[in-house]
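Structure, as structure tokens:
Not measured: the values here are computed from a predicted model. Just so it is clear, the values below take in all heavy atoms, side chains as well, and ignore hydrogens, waters and symmetry mates.
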Amino acid sequence: MRREIEEAMQEVVFSEAGTAPRITMRFLAAPTDVNWGGKVHGGIVMRWIDEASHVLATSWTGDAHNVAIFTGGVRFYRPLRIGHLVEVEARLLHTGRTSMHIGVHVRSGDPATGEMELTTYCRTVFVTIDEARKAEPVTPWLPVTDEDRALDAHALELSAIRARHGN
């Protein structure tokens with residue numbers, strides 16, 4: 001399953017051509033984010049992914065009662081360095097009846113040069129919950145461009161892969 005998901009994720013293109021809702025958070029990696037190896041701790045990166053996804057889900061639904069129900073396909077490509085500029089981009093890929101499938105790319109680089117490199121990416125799924133903690137329907141997002149349609153199909157493909165493997 002892991003190999004199938006990785007192969008599917010490698011073929012997807014994220015560009016400015018897409019019209020899907022997205023948010024980008026930018027900040028400096030702080031000394032408090034460091035692990036024992038002197039780089040940003042992976043758990044901190046996962047927190048940033050969750051925060052950016054939550055902001056996107058909240059802006060889409062207009063409701064702050066959103067929770068992550070799945071995060072997968074996480075790939076760490078290179079370390080993030082303390083003092084580097086970090087950019088966490090979350091983009092809506094697909095909406096189901098109650099779910100929002102979100103793609104997240106994390107980039108970092110030296111703020112002096114402005115050159116950013118992909119460090120991490122993953123997919124996450126959020127739902128909005130009511131007071132009884134039941135998932136509520138979300139407003140559907142309709143793909144407009146070819147890239148939008150490809151990303152929507154990609155989210156469905158990842159769901160199908162997980163379903164085939166019982167996840």
Side-chain angles (χ1 to χ4, degrees), residues 1-16 18 20-61 63-95 99-129 133 135 147 151 154-155 157-167:
M1 177 176 79
R2 184 177 172 96
R3 182 182 47 73
E4 282 183 75
I5 289 174
E6 187 168 344
E7 288 172 0
M9 290 175 74
Q10 286 177 347
E11 294 181 17
V12 174
V13 175
F14 284 70
S15 75
E16 296 303 315
R22 70 181 93 177
I23 65 101
T24 303
M25 298 170 45
R26 291 182 184 94
F27 47 88
L28 293 175
T32 54
D33 300 330
V34 72
N35 66 16
W36 293 105
K39 312 294 187 301
V40 172
H41 192 283
I44 298 290
V45 176
M46 293 302 296
R47 186 187 83 213
W48 296 337
I49 288 168
D50 186 62
E51 290 171 351
S53 299
H54 185 268
V55 170
L56 178 63
T58 299
S59 69
W60 180 252
T61 63
D63 188 329
H65 296 98
N66 299 297
V67 294
I69 60 167
F70 174 82
T71 298
V74 180
R75 298 294 178 263
F76 291 94
Y77 288 109
R78 56 186 48 86
L80 286 91
R81 304 200 184 286
I82 302 306
H84 271 194
L85 178 64
V86 178
E87 180 178 273
V88 184
E89 179 187 9
R91 184 184 300 207
L92 190 65
L93 304 178
H94 171 77
T95 54
S99 61
M100 295 161 279
H101 299 243
I102 299 168
V104 184
H105 286 172
V106 180
R107 297 173 188 85
S108 73
D110 185 338
T113 65
E115 294 178 26
M116 305 289 280
E117 293 184 325
L118 182 66
T119 61
T120 313
Y121 76 87
C122 72
R123 300 297 179 262
T124 187
V125 179
F126 268 70
V127 297
T128 302
I129 56 172
R133 301 197 51 80
E147 181 173 312
L151 291 174
H154 170 64
E157 176 187 17
L158 293 178
S159 293
I161 291 169
R162 290 192 308 269
R164 278 197 311 272
H165 292 277
N167 290 328

* Asked: Has Arg162 got its NZ or CZ under 6.0 Å from the middle of the six-membered ring of Phe70, at an angle within 45 degrees of the ring axis?
  -> yes
* To do: For residues Glu87 and Met116, determine if any side-chain heavy atom of one lies less than 4.5 Å from a side-chain heavy atom of the other.
  => yes
* Validation row: Asp50, Arg47 side chains within 4.5 angstrom (heavy atoms) -> no
* Report yes if some heavy atom in the side chain of Glu157 is under 4.5 Å from a heavy atom in the side chain of Ile161; otherwise report no. => yes
* Asked: Hey, are the side chains of Met100 and Trp60 touching, using non-hydrogen atoms and a 4.5 Å cut-off?
  -> yes
* Closest heavy-atom contact between Ser59 and Ile23? -> OG-CG2, 4.5 Å
* Structure fact -> Nearest heavy-atom contact between Ala52 and Ala90 is O-CB, 3.8 Å
* Asked: If you count the non-hydrogen atoms of other residues, nucleotides and ligands that lie under 6.0 Å from CD in Glu115, is the total more than 12?
  -> no
* To do: Check whether any side-chain heavy atom of Leu118 lies under 4.5 Å from a side-chain heavy atom of Thr120, and answer yes or no.
  => no
* Can you tell me how far CZ of Arg81 sits from CG of Asp33, rounded to the nearest 0.5 angstrom? -> 14.5 Å
* To do: Please confirm whether the backbone N or O of Gly109 pairs with a side-chain atom of Thr113, one donor and one acceptor, at under 3.5 Å?
  => no
* Hey, does the side chain of His65 reach the backbone of Thr58 with a donor-acceptor pair shorter than 3.5 angstrom? -> no
* Do Ile102 and Val125 come close enough that some side-chain heavy atom pair is under 4.5 Å? -> no
* Structure fact -> dist Ser108:OG -> Arg78:CZ (nearest 0.5 Å) comes out at 8.0 Å
* Approximate separation, where rounding is to 0.5 Å, of Phe126 CZ and Leu92 CG -> 12.0 Å
* Under the side-chain hydrogen bond (donor to acceptor under 3.5 Å, both in side chains) criterion, do Asn66 and Thr128 qualify, and how do the steps go? -> CA-CA 4 Å; Asn66 299 297; Thr128 302; 2.5 Å; yes
* Structure fact -> All heavy atoms of Thr124 vs all of Ala68, minimum pair found to be OG1-CB, 4.2 Å
* To do: Supply the atom-to-atom distance His41 NE2 to Met46 CE, rounded to the nearest 0.5 angstrom.
  => 12.0 Å
* Answer yes when Glu16 and Arg22 have at least one side-chain N-carboxylate O distance shorter than 4.0 Å, and no when they do not. => yes
* N-O pairing of Arg91 and Glu147 below 4.0 Å -> yes
* Structure fact -> Closest non-hydrogen contact found for Leu28 with Pro111 is CD2-CG, 4.2 Å
* Structure fact -> Taken to the nearest 0.5 Å, the spacing of Ile44 CD1 from Leu80 CG works out to 11.0 Å
* Asked: Within a strict 4.5 Å, meaning less than it, do heavy atoms of the Ser159 and His94 side chains meet?
  -> no
* To do: With the side chain counted from C-beta on, respond yes when Pro79 and Val40 share a heavy-atom pair under 4.5 Å apart, and no when they do not.
  => no
* **Rounded distance [0.5 Å steps], CZ in Arg107 versus NE2 in His84** => 16.0 Å
* Side-chain donor or acceptor of Thr119 paired with backbone N/O of Val106 under 3.5 Å -> yes
